[in-house]
Structure formats: C-alpha cells, structure tokens
Amino acid sequence: MAEESPAAGPPPDEKTEKRKKQAKRSRGRERGGKERGPKSLAWRKSLPDEDEDPFALVTGGEGGFLSLEEIDESEYGLIGGNPEPTQENKISSSNQKKRKLGSGGRSEGEEESGIEEDGESKKVAKKKPRKKKAKTKTSKENHESKAACVERIPEAEGSEITDMEDDSKGEFVFKNDEYRAWKKMKLHPLLMRSIRRLGFKEPTPIQKACIPVAAHQGKDVIGAAETGSGKTLAFGLPILQCLLKERDKAARLSGEDQDGSKEGIHGGPLRALILAPTRELSLQVCDHLKEAANLTSIRVVPIVGGMSTEKQQRLLKNKPAIIVGTPGRLWELMSGGEHHLVELNSLSFFVLDEADRMIENGHFNELQSIIDMLPSSSGSVEPGDTSLGKKRQTFVFSATISLSNNFHKKLKRGFLKAKSGSSDDLSSIEKLSERAGMRPDVEVVDLTNASIVANKLEESFIECNDDNKEAYLYYILSVHGHGRTIVFCTSIAALRRISSLLRILGIRMWTLHAQMQQRARLKAIDRFRESDDGVLVATDVAARGLDIPGVRTVIHFQLPHSADVYIHRSGRTARASADGCCIALISPADKTKFFSLCKSLSKENLHKFPLVDSYMLEVMKRLSLSRQIDKMMRINSRENASKSWFERSAEAVELMADDSGSEEETVQSNRKRKVNSAHLQKLQQELNSHLAKPLQPRTLSHRFLAGAGLSPLLQQQLVEFSKKRGEADGSKGKSRAKLVVIGQDRVEPLAALRNSGQQICVDTGKWKETRRLAEDSRRNRREEKKREREQRRKNKRKMEKNK
Ligand SMILES: Nc1ncnc2c1ncn2[C@@H]1O[C@H](COP(=O)(O)OP(=O)(O)OP(=O)(O)O)[C@@H](O)[C@H]1O
C-alpha cells in the first residue's frame with residue numbers, strides 16, 4: 001500500500017475504489033484459514049537434520065517411527081532474541097471474578113456485535129432483563145452518589161483518592177488499606193468502583209507499570225508481560241481514565257452537572273481504536289472494557305468479522321467512543337466510507353493488542369491500510385492531555401514482543417521512517433510502532449522473564465509415537481481430566497480426527513477452528529466455559545488472548561509452528577495468578593522441533609508427565625474400538641453423501657434416479673449395508689460396556705472397586721459404609737478384617753505432575769556437540785563419496801586410454 005497522505009492521495013473515487021478492492025480481499029482472508037500463522041520472525045535458528053535424535057539426550061529414547069502429522073518443519077527462536085532476566089511478576093491473588101465472553105459478558109455485546117440469536121443465544125437474551133435491572137439499580141445508586149464522587153475526582157498531579165465510604169448498601173465501600181495499591185494509580189472514582197466490583201485487590205505488575213505513564217503522563221507504551229497478566233486493563237484503564245477526566249473537565253467548564261451521558265463520550269466522535277487479531281479476542285477485550293466502564297456511560301463496541309455488517313453499521317450510528325475490532329471487518333467498513341470510522345481527527349488512542357500476531361500474514365494489508373488512514377500524530381502534548389484534537393497515544397501490547405536495543409534511538413532519529421518510509425513493510429513491531437505514530441519517548445515496559453511463559457505454569461511432555469498420541473490424549477482426559485482442558489492441534493484435519501474419536505469415547509468436548517461459522521465458534525466457547533470439566537479441541541485460532549477461567553490443562557497434541565505460538569497456547573492456563581500445566585505430546589518427528597523450542601525458551605529442566613502403564617491396555621482397547629467405529633461411520637456417511645449427490649443430480653435434470661445396475665447388485669448392496677450396520681452396532685455395544693466400567697489399572701483385581709474412574713459419591717458411600725462396619729465391629733470387641741476401599745478421586749494433571757517430580761535435564765551444550773559431530777560425519781561421508789566418484793571416473797578414463 002502506498003504511503004499517501006489523505007491530501008496527496010488519489011482522487012476520492014479512485015481511493016474508495018481501491019479501499020473496496022482491498023476490503024474484498026480482506027473479507028476472503030478473514031473467512032479463510034487464519035490459523036496457519038507464519039513462522040516467527042526473528043526467531044529462526046537452524047535445526048538439526050532428521051537423522052539426528054537430539055531428543056534422545058532429553059529422554060534417552062530412540063526414534064524411528066513414522067510421522068502421521070501434518071506439521072511442517074519449522075524453526076524456533078525469540079523475536080529480538082534477548083529476553084531480560086527474570087523479573088518477578090507477582091500478580092494479585094485476588095478473587096477472580098472472571099468476565100464472560102459468552103452468556104454473561106456478551107449478553108450485551110452479542111446484540112451489539114450483531115450476532116443473530118438462535119436456541120443457545122436465546123438463553124443469553126433471557127438473562128438480559130436481570131442484568132438490566134442490576135444496571136438500573138447501579139445507575140440509580142450512581143446518581144445518588146455521583147455528586148459526591150465528582151468532588152473527589154483525583155487530579156493527576158498529587159491528590160490521593162480518598163476512601164469511598166458508605167453508600168446505602170455499602171457495596172462500594174473501600175475500607176482501610178485494602179485497595180491501597182490501586183489508590184496509588186489515581187484513577188477516577190467510577191473506575192475504582194468497577195475495579196472493586198471486579199474484585200481485583202491490586203493492580204498486576206504490568207498495570208502498575210503502565211497506568212501511571214499512560215494515564216497521567218500521556219506517554220505511548222509498548223508493553224510485554226506474561227500471558228494472563230492483565231494487559232487488557234493496562235491499556236484499557238488509561239483510556240477510560242483520560243476520557244472520564246476530559247468529560248469532567250468539560251462539565252466543570254460549562255458548569256453542568258457531570259453526567260456520563262453528555263456529548264463527547266456518549267454519541268461523540270471516535271476516541272479510541274483497539275485492534276486485536278481474532279474475533280473472539282476482540283469480543284473479549286470489548287467485554288472486559290465494558291466491565292471496567294460499567295459505571296460510566298462510555299460506549300465500547302466490537303466490530304468483528306463473521307457477524308452482521310448491517311447491525312454493526314447501525315451500532316456505529318450511535319457513535320461509540322471506543323471500538324474494538326479485527327482489522328478485516330474494520331477495514332471493510334472504513335473502505336466503504338463508514339462515517340464514524342473515517343472521521344479520525346479526534347482519535348486519541350490507537351491500540352494494537354497481540355501486536356506481533358498483527359504483523360503476520362492475514363492481517364497485514366488491512367492493518368497497513370488502517371494505519372495509513374490515521375491522521376498524522378505529530379505535535380507535542382501536555383502530560384495526560386489527550387483531549388479532542390490533541391496528540392494521539394499509541395499502545396502496543398503482547399506477551400511476545402522484543403525490541404532491538406537501540407529502539408528509542410531509532411525512533412528519535414526517525415531512522416525507521418527514513419528506512420521504511422517508502423516501503424509497505426510493517427514486518428516488525430518497530431516499523432509498525434513508528435508508522436502508527438509512536439513518539440521517541442515511548443515507555444517500553446518489558447516484564448517478560450527468560451522463559452516468557454507464565455510464572456505458575458508447569459510444563460511437561462510425554463514421549464510417544466504418532467499412533468499413540470490419541471491413546472495418551474485419552475489417558476490424560478480420562479485418568480486425570482479434572483478442570484477445563486484445551487487440546488491444541490496445528491491442522492484442522494487432526495482436530496477433526498481426534499474430536500471424532502473423543503466424542504465416540506464419550507468425552508464432553510467442543511471444537512474451535514477458523515472454518516467454523518462465527519456463531520458456532522462463540523457457542524463452543526460459551527459451552528466450554530459453562531462446563532467444569534469440559535474439553536475444547538482447538539486450532540491456533542484459540543491460542544491468543546482467550547481468557548477462560550478455570551482452564552487447568554493445555555495439551556499440545558501437535559507442536560505449534562513457532563515458539564511464540566507455544567507460549568500463547570500454554571498461556572490459556574495459569575492465568576491471573578492461578579496455576580496450571582501444559583503437556584506436549586512428542587513423537588519422534590517432533591523431537592527436533594521440541595528441542596529447538598526448549599532451547600529458544602531457555603528450558604533446561606523438563607518434567608516428564610507421569611504415566612501409569614497399567615491403564616494403557618484398557619485405554620488401547622477402547623481406542624481401538626472407537627477407531628473402528630469412526631472408520632465405519634465415515635464410510636457410511638461418505639456413501640450416504642455420494643448417494644444423495646447422485647439423487648440430487650438426477651432430480652436436477654428431472655430424471656428418475658436409477659441407483660442399481662441389476663436386481664442382484666441391489667440385493668447385495670442391501671445385504672452389505674445390513675451387515676455393516678449390525679457390525680457397527682456390535683462395536684458400539686462393546687465400547688459402551690467398556691465405558692460403563694470405571695477405567696482401572698490392569699494390575700488391580702476386579703473384585704475391588706478400584707481405579708481413577710470411581711465416582712466421588714460412591715467412594716464416599718463406601719468409606720462411610722466401611723466406617724460403620726468398623727464401629728459396629730469395635731463395639732462388639734471383635735477383631736474382624738476391615739473393609740478396604742480402594743479408589744481415588746481423579747487427580748488432575750498438575751497434581752500428578754507435582755507428585756511425580758520426574759525432571760529431565762536438557763543439556764543444550766551436549767546437544768550442540770551431537771549436532772556438530774553429526775554434521776562432521778555427514779560432511780565426511782559426502783567427501784568420501786565424492787572421492788570415490790572421482791576415483792571411478794579416473795579408472796574409467798584410464799581403461800578407455802588403455803583400450
Ligand atoms: N488487577 C487484577 N487482579 C486480578 N485479576 C486481574 C487483574 N487485572 C486483570 N485481571 C484478570 O486477569 C485475567 C487475564 O487478563 P488479560 O486477559 O487482560 O490478560 P493478558 O495479559 O491480556 O493475557 P494474554 O497475553 O493471554 O492475552 C482476566 O481474567 C482479568 O479479568
């Protein structure tokens with residue numbers, strides 16, 4: 001995209017036409033496979049050759065199995081390379097009242113984003129009135145206490161927020177020093193109340209670092225912190241703070257009562273544009289900001305693909321102050337000349353969430369076009385003054401950003417501009433930041449530690465061959481399987497296969513991938529969120545940003561293409577000071593990739609996930625039955641599909657479908673169908689009889705109720721029964737053998753991992769040496785062959801001469 005200022009650009013018609021064309025392209029992209037994210041940018045390190053087995057150093061095992069996966073070879077490394085040494089990122093251990101993307105949080109957003117309702121969503125709609133009622137109550141309370149709050153609005157310079165004491169129900173009382181750390185942030189009382197409602201006792205480290213500089217000093221911020229560390233509010237609160245402050249100032253000047261519904265915020269120009277790479281993430285960010293702005297009248301609206309454009313256009317007519325969206329749909333509306341989106345002179349905040357993903361393919365062109373639409377942001381700004389017509393603040397956030405050491409200098413010198421000004425290239429965060437108008441005095445807040453993953457994340461792996469991956473997956477989900485689990489696949493084909501098997505095996509699960517309809521995607525997330533022990537099988541479309549409370553385990557069924565995706569995937573657990581674990585299933589074909597990943601994330605010790613082999617016989621039996629069932633079901637559905645195709649085609653040309661060659665063939669095919677269906681039924685019955693029993697280790701006698709599958713209720717009843725018998729026996733003074741109850745609650749993977757303590761050392765030095773030796777021996781072999789060829793040629797020439 002050429003770098004044209006609006007003034008210098010092509011005539012309006014030509015420009016609109018150009019935008020429309022780009023938007024059309026972007027629609028196609030947004031619909032299509034976003035999940036094959038390209039490889040990480042500057043992370044690339046060379047990989048060892050296939051004939052090596054560096055993983056053997058980790059596990060001591062040997063490779064040699066066939067790969068069934070669809071994973072491309074890829075390389076790992078960290079953007080920018082040099083992560084800073086560990087910095088303690090202590091996140092508040094506060095009560096985590098999670099927001100809801102789905103049924104709760106989206107009840108409003110769903111309508112706002114134009115999702116059409118069906119059965120599931122109606123449930124959401126039903127919940128609405130209650131929410132509205134609560135809101136009315138709140139706004140009433142607000143009205144009563146608003147005047148008092150207004151008096152206490154803190155000035156950025158100096159004044160501390162006083163404790164908010166007493167309102168009639170005591171709901172917003174900030175007693176003593178409970179929220180002391182928040183008070184230091186000097187946020188608007190309405191925001192403080194929202195924070196109190198959310199139950200966030202103290203700001204997270206990234207919030208502590210970003211809010212003062214962004215909200216009170218008016219600085220641009222590049223923020224990097226571990227997954228689940230509260231980055232959304234780190235940029236969201238400063239935006240809300242500035243808009244509220246501005247509103248109060250305007251009200252004071254005009255001598256009016258301060259009311260959030262006044263012009264300028266509600267029904268005014270666009271003030272903040274927040275871009276995120278996926279639709280789900282945009283909706284989630286939007287909901288999070290709505291929660292924070294709950295007591296104000298600042299409107300936050302999502303604009304994402306996969307939803308009704310007309311409804312979104314209607315929402316834009318209300319002129320919301322903050323828009324959160326995906327580049328594709330935003331650009332589509334912008335290029336169509338949507339008034340609220342193209343009048344950007346009053347835009348005060350531009351945010352790129354998950355910025356490193358935004359510069360990858362798939363978003364690139366739209367992002368570039370949107371950035372080109374932004375008015376020039378040069379000019380100075382008073383600290384904290386982002387009011388209309390003043391300088392725009394830019395925020396760039398992700399868990400995986402690294403910048404070159406002289407980034408500040410480069411910005412100051414306009415070095416990037418000089419270098420990239422004429423090109424369309426936004427391929428690095430640095431170029432992107434510069435192009436978006438970031439100022440040289442940008443505050444870079446990097447709180448990532450060397451391994452980048454969340455502090456409380458326990459990482460582990462299981463070494464297996466490709467055929468056994470499904471068995472180990474089923475093992476984890478059935479032997480452990482406590483708490484929500486996300487299983488990540490790299491390809492949709494693999495996702496479809498394992499989800500089909502797991503469904504047959506009776507695992508409660510949902511799928512999420514880019515080829516699903518948007519409504520189905522959101523429904524899957526909602527249902528997963530509602531189920532305590534649910535399983536979500538997803539591609540990397542769910543890798544970034546999704547904040548689903550209670551995800552205890554992440555399973556990398558297929559390794560991701562790059563280390564940053566591994567970090568984001570793993571970051572779906574162990575969020576906001578909670579703990580969690582991830583388990584990578586490593587086949588021989590994955591070892592090289594896995595080892596590179598360990599190396600680039602500086603992992604020296606790895607947990608081997610503990611397995612009890614005695615379960616495996618039963619696991620394999622069940623899996624084998626489910627594979628047979630799956631195969632038969634596929635054949636049946638293929639036959640049905642082709643048959644109905646034949647019939648449909650015949651109908652289309654008004655012919656009677658003659659589906660049989662001869663009577664004999666018809667009889668034969670009917671017989672075959674009957675046999676198949678009887679066989680399928682038999683297999684299903686057999687599997688059901690297995691599933692009806694608890695999964696138990698082979699070593700234990702079947703006379704005992706044993707194993708991990710015993711229900712807690714039955715266990716408790718047996719324990720009580722045992723106690724009663726013991727007491728009864730005791731009273732009689734007889735010494736009879738006690739009834740022993742064998743069985744246990746299912747131990748969740750994290751607990752199993754912690755109990756096992758099996759750590760394996762990754763010796764990268766040794767690995768390097770092995771690589772070097774392997775390369776040497778390969779080189780020697782090549783040279784040897786070359787010499788032999790030369791010798792043969794010489795001999796041949798000699799022989800020819802002698803003739
Ligand atoms: N100060 C806080 N105290 C406790 N919890 C918080 C606080 N701020 C945010 N949270 C909660 O932490 C969770 C993670 O927040 P958020 O989604 O913003 O993280 P993130 O850093 O953007 O994660 P990711 O990098 O995966 O996108 C959310 O459930 C949010 O409600």
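Start at 1 and go down the list; that is how both ligands and their atoms are numbered. As the structure is a prediction and not an experimental result, all values here were calculated from the model. For reference, positions follow the sequence shown, starting with 1. These numbers come from the heavy atoms of this one structure, side chains and all, not from hydrogens, waters or symmetry mates.
When heavy-atom distances to ligand 1 are checked against a 4.0 Å cut-off, Q207 comes that close only through its side chain, counted from C-beta outward. Of all the heavy atoms of S229, the ones lying under 4.0 Å from any atom of ligand 1 are found in both the backbone and the side chain.
H188 and T296 form no side-chain donor-acceptor contact under 3.5 Å, judged by distance and modelled atom types alone. Looking only at atom types and distance, the side chain of D356 has a donor-acceptor partner in the side chain of T400 under 3.5 Å away. For the 3.5 Å distance criterion, the side chains of R392 and S348 fail to qualify, holding no donor opposite an acceptor.
Any N or O atom pair closer than 3.5 Å counts here, and E354 shares at least one such pair with ligand 1. In terms of N/O distances under 3.5 Å, ligand 1 is not approached by W182. Looking at ligand 1, you won't find any N or O of Q284 less than 3.5 Å from one of its N or O atoms. Among the atoms of L233, none of the N or O lies under 3.5 angstrom from an N or O of ligand 1. For ligand 1, the polar-atom distance check against H568 finds no nitrogen or oxygen pair separated by under 3.5 Å.
In this structure, A225 falls outside the shell of residues with a heavy atom less than 4.0 angstrom from ligand 1. Ligand 1 lies less than 4.0 angstrom from a heavy atom belonging to H288. Put simply, part of G228 is less than 4.0 Å from ligand 1, judged by heavy atoms. Proximity of R572 to ligand 1 is established by a heavy-atom distance of less than 4.0 Å.
Relative to atom 15 (O) of ligand 1, the option among G230, A399, G199 with the closest non-hydrogen atom is G230. The closest heavy-atom contact to atom 22 (O) of ligand 1, among the options T227, T232, I206, T400, comes from T232. Of the candidates F397, F235, F200, F200 brings a heavy atom nearest to atom 6 (C) of ligand 1.
Between F461 and F594, the ring planes are tilted. Angles from 30° to 60° get that label.
Classification of D547 and R575 as a salt-bridged pair holds, one side-chain N sitting under 4.0 Å from a carboxylate O. Salt bridge present: R754 and D579 bring a charged side-chain N and a carboxylate O closer than 4.0 Å.
You'll find the side chain of Q241 reaches within 4.5 Å of the side chain of H216, heavy atoms only. In this structure, the side chains of F235 and C210 stay at 4.5 Å or more apart for every pair of heavy atoms.
Each of the following atoms of ligand 1 lies closer than 4.0 Å to a heavy atom of E202: 1 (N), 2 (C), 3 (N). The ligand atoms of ligand 1 that sit less than 4.0 angstrom from a heavy atom of T204 are 1 (N), 2 (C), 7 (C). Atom numbering of ligand 1 starts at 1 in the shown order; those under 4.0 Å from a heavy atom of K231 are 18 (O), 19 (O), 20 (P), 21 (O), 22 (O), 23 (O), 24 (P), 25 (O).
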Between L536 and L512, does a side chain to side chain contact (heavy atoms under 4.5 Å, CB included) hold up when you go through it step by step?
-> CA-CA 7 Å; L536 183 72; L512 182 68; 4.2 Å; yes

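Of all heavy-atom pairs spanning A225 and L447, the tightest one is CB-CB, 4.2 Å. M516 approaches T511 most closely through the heavy-atom pair CE-O, 3.2 Å.
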